[in-house]
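Right, one structure below, let's go through it.
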Amino acid sequence: MTEPLVSRMRAFGTTIFAEMSALAVQTGSINLGQGFPDTDGPAAMLDRAIHAIGAGANQYPPGPGMPELRRAVSDHRAEHYGLAYDPDREVLVTVGATEAVAASVLALCEPGDEVIAFEPYYDSYAASIALAQARLVAVTLRPVAGRFTFDPAELRAAVTPRTRAILVNSPHNPTGTVFTREELTVIAELCRERDLVAITDEVYEHLTFDGVEHVPMATLPGMRERTVMISSAGKTFSVTGWKTGWVCAPAPLVRAVQTVKQFLTFTASAPWQLAVAYGLRQEMGWVSALRAGLQDKRDRLMEGLSAAGFEVLRPSGTYFVQTDIRPLGFADGLELTRRLPELAGVVAIPTQVFYDHAERGRHFVRFAFCKKDEVIDEAVTRLKRLSGS
């Protein structure tokens with residue numbers, strides 16, 4: 001039999017997260033690769049899910065999502081960002097943000113269309129664009145003054161008559177950059193000038209540090225009507241396994257995304273949806289404490305990585321720290337991370353796999369700090385073996 005997988009998906013195979021997490025299990029290494037917390041979310045919210053199961057919320061919820069969650073999302077957008085979304089027409093519940101991105105790209109892009117994304121990019125973006133038979137056009141984020149950013153001229157040059165959308169992830173995984181209002185304004189102006197849709201992945205919206213502000217693209221002038229705003233409960237409430245996300249957008253865009261989404265998963269997770277609705281209304285204080293705790297963990301890991309000999313770039317958000325491995329005498333992040341369990345008993349993620357232009361990220365390795373302090377400390381102790389410190 002010839003290769004059964006369609007040609008446009010053959011480049012993807014097993015995700016780097018699955019590969020590295022399996023390597024951590026096989027070698028007994030500390031996993032600072034995949035971004036999932038090792039502690040649970042707010043207890044009262046977890047109890048709400050248990051109660052919902054006991055109360056019989058175990059059948060198909062409505063296709064657009066439970067009304068309670070759609071109203072809670074709408075109220076949350078209004079309270080935090082001053083954005084008004086009709087919960088019945090402009091909010092759609094999805095199986096996590098990953099499905100929301102995929103459904104949005106499939107709904108809005110024809111074969112041959114182009115979607116701009118900032119590299120390094122979360123790996124599902126390229127797969128979703130390939131599924132739509134569209135083309136990803138990568139604009140590179142480069143370190144400038146200690147943070148990753150883009151060249152506005154390079155972004156503008158990437159737009160062609162085939163460009164349909166710009167996929168914006170801020171706070172940005174895997175670099176930890178939080179785009180400034182000025183950076184977002186550059187993107188917004190281009191969207192308005194060239195009649196482009198902005199698909200915004202904002203799953204780390206509440207996990208920013210040092211007082212850095214998260215600015216939703218939809219709040220900028222002229223952008224609400226052309227932005228598909230995506231977020232989820234997973235990172236906000238440390239329940240990544242619940243896979244409960246949402247889309248907020250004008251009704252025509254939501255209808256388009258839902259038309260595709262209904263044939264991907266139709267619907268899911270009624271108990272989790274009810275619990276997340278409670279969380280959005282009652283547990284944002286818990287989220288504030290989570291953010292402060294994560295900032296401390298970020299600083300703890302950064303200090304340790306610096307002491308171990310890495311050059312560390314300071315993230316303003318997310319779960320992740322980017323490091324330059326060249327001061328330790330290494331040049332290839334993929335090679336190093338595959339050897340790291342043997343060398344130090346730690347698993348990390350090579351950043352180069354998130355680039356179209358892999359050579360631009362070859363010397364970066366990503367570490368996750370959403371772990372218990374004692375796990376971070378033990379990982380740092382092990383990583384110091386690399387420099388003999």
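All values below come from the heavy atoms of this structure, side chains included, with hydrogens, waters and symmetry mates left out.
In this structure, Asp299 pairs ionically with Arg314, as a charged nitrogen and a carboxylate oxygen lie closer than 4.0 Å. Asp88 has a carboxylate O that lies under 4.0 Å from a charged side-chain N of Arg70, or vice versa, which qualifies the two as a salt bridge. With salt bridges taken as basic N to acidic carboxylate O contacts below 4.0 Å, one links Glu19 and Arg338.
Outside the 6.0 Å centre-distance limit, the rings of Phe118 and Phe148 are not counted as a close aromatic pair. His76 has its ring centre less than 6.0 Å from the ring centre of His206.
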> Would Lys372 and Asp38 satisfy salt bridge (Lys or Arg N to Asp or Glu O under 4.0 Å), going step by step from the backbone distance to the final call?
Replying inline: CA-CA 7 Å; Lys372 295 175 182 175; Asp38 54 9; 5.5 Å; no
>> Before you tell me yes or no, could you show the steps for Val254 and Val228 under side chain to side chain contact (heavy atoms under 4.5 Å, CB included), namely the whole-Å CA-CA distance, both residues' side-chain angles and the distance that decides it to 0.1 Å?
In response: CA-CA 8 Å; Val254 165; Val228 177; over 6 Å; no
>> For a side chain to side chain donor-acceptor pair (under 3.5 Å) check, start with the C-alpha distance between Glu114 and Thr160, then their side-chain angles and the critical distance, and finish with the verdict.
In response: CA-CA 8 Å; Glu114 294 174 350; Thr160 75; 2.6 Å; yes
>> Could you go through Phe150 and Thr140, starting from their C-alpha distance and side-chain angles, then the distance that decides it, and tell me whether this counts as side chain to side chain contact (heavy atoms under 4.5 Å, CB included)?
In response: CA-CA 6 Å; Phe150 63 89; Thr140 305; over 6 Å; no
>> For Leu305 and Leu383: C-alpha separation, side-chain torsions, deciding distance, then whether side chain to side chain contact (heavy atoms under 4.5 Å, CB included) applies.
In response: CA-CA 8 Å; Leu305 291 171; Leu383 287 167; 3.7 Å; yes
>> If you apply the rule salt bridge (Lys or Arg N to Asp or Glu O under 4.0 Å), what do you find for Arg224 with Glu90, and how did you get there?
In response: CA-CA 11 Å; Arg224 185 196 180 281; Glu90 298 184 314; 2.7 Å; yes
> How far apart are the C-alpha atoms of Thr163 and Leu196, what are their side-chain angles, what is the distance that settles it, and do they pass the side chain to side chain contact (heavy atoms under 4.5 Å, CB included) test?
Replying inline: CA-CA 7 Å; Thr163 305; Leu196 307 178; 3.9 Å; yes
>> Go through it in stages, so that I can follow the logic: the residues are Gln34 and Ser21, the test is side chain to side chain donor-acceptor pair (under 3.5 Å), and I'd like the CA-CA distance, side-chain angles, deciding distance and then a yes or no.
In response: CA-CA 7 Å; Gln34 194 166 1; Ser21 290; 2.8 Å; yes
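Between Tyr121 and Asn173, the side chains place no donor N or O within less than 3.5 Å of an acceptor N or O (distance only, hydrogens not considered). Counting only N and O atoms by type, the side chains of Gln322 and Thr175 include no donor and acceptor under 3.5 Å apart. Glu213 and Thr208 share no donor-acceptor pair across their side chains, judged by distance under 3.5 Å alone.
For residues 137-159, the set of pairs meeting the salt bridge (charged side-chain N to carboxylate O under 4.0 Å, His left out) definition, not counting sequence neighbours, comprises Arg142-Glu154, Arg147-Glu183, Arg156-Glu193. Sequence neighbours left out, not one pair with a member in residues 42-69 passes side chain to side chain donor-acceptor pair (under 3.5 Å). Within the structure, every pair that satisfies the side chain to side chain donor-acceptor pair (under 3.5 Å) test and touches residues 227-237, not counting sequence neighbours, is listed here: Glu205-Ser231.
Ile376 places none of its side-chain heavy atoms less than 4.5 Å from the side chain of Glu378. With a 4.5 Å cut-off on side-chain heavy atoms, Phe36 and Tyr319 do not count as touching.
Minimum interatomic distance between Ala348 and Phe367 (heavy atoms only, all atoms of both residues): CB-CE2, 3.5 Å. Ala275 and Ala49 get closest at one heavy-atom pair: CB-N, 3.6 Å. The minimum heavy-atom distance linking Met223 with Ala198 is given by the pair CE-CB, 3.8 Å.
Under a 3.5 Å cut-off, the side chain of Arg164 and the backbone N or O of Val197 do not form any donor-acceptor pair. With Glu119 contributing its side chain and His357 its backbone, the two residues share a donor-acceptor pair below 3.5 Å.
Note: the hydrophobic cluster containing Val168 does not contain Ile230 (ILVMFWY, side chain heavy atoms under 4.5 Å, direct or indirect links). Note on Val159 and Leu108: separate hydrophobic clusters, where clusters join Ile, Leu, Val, Met, Phe, Trp and Tyr whose side-chain heavy atoms are under 4.5 Å apart, directly or indirectly.
Only one option out of Ile30, Leu23, Asn31 pairs with Pro341 in a side chain to side chain contact (heavy atoms under 4.5 Å, CB included); it is Leu23.
Glu110 CD: 12 or fewer foreign heavy atoms inside a 6.0 Å radius.
In this pair, Trp242 and Trp272 present their aromatic rings parallel. The plane angle is below 30°, not in the 30 to 60° band.
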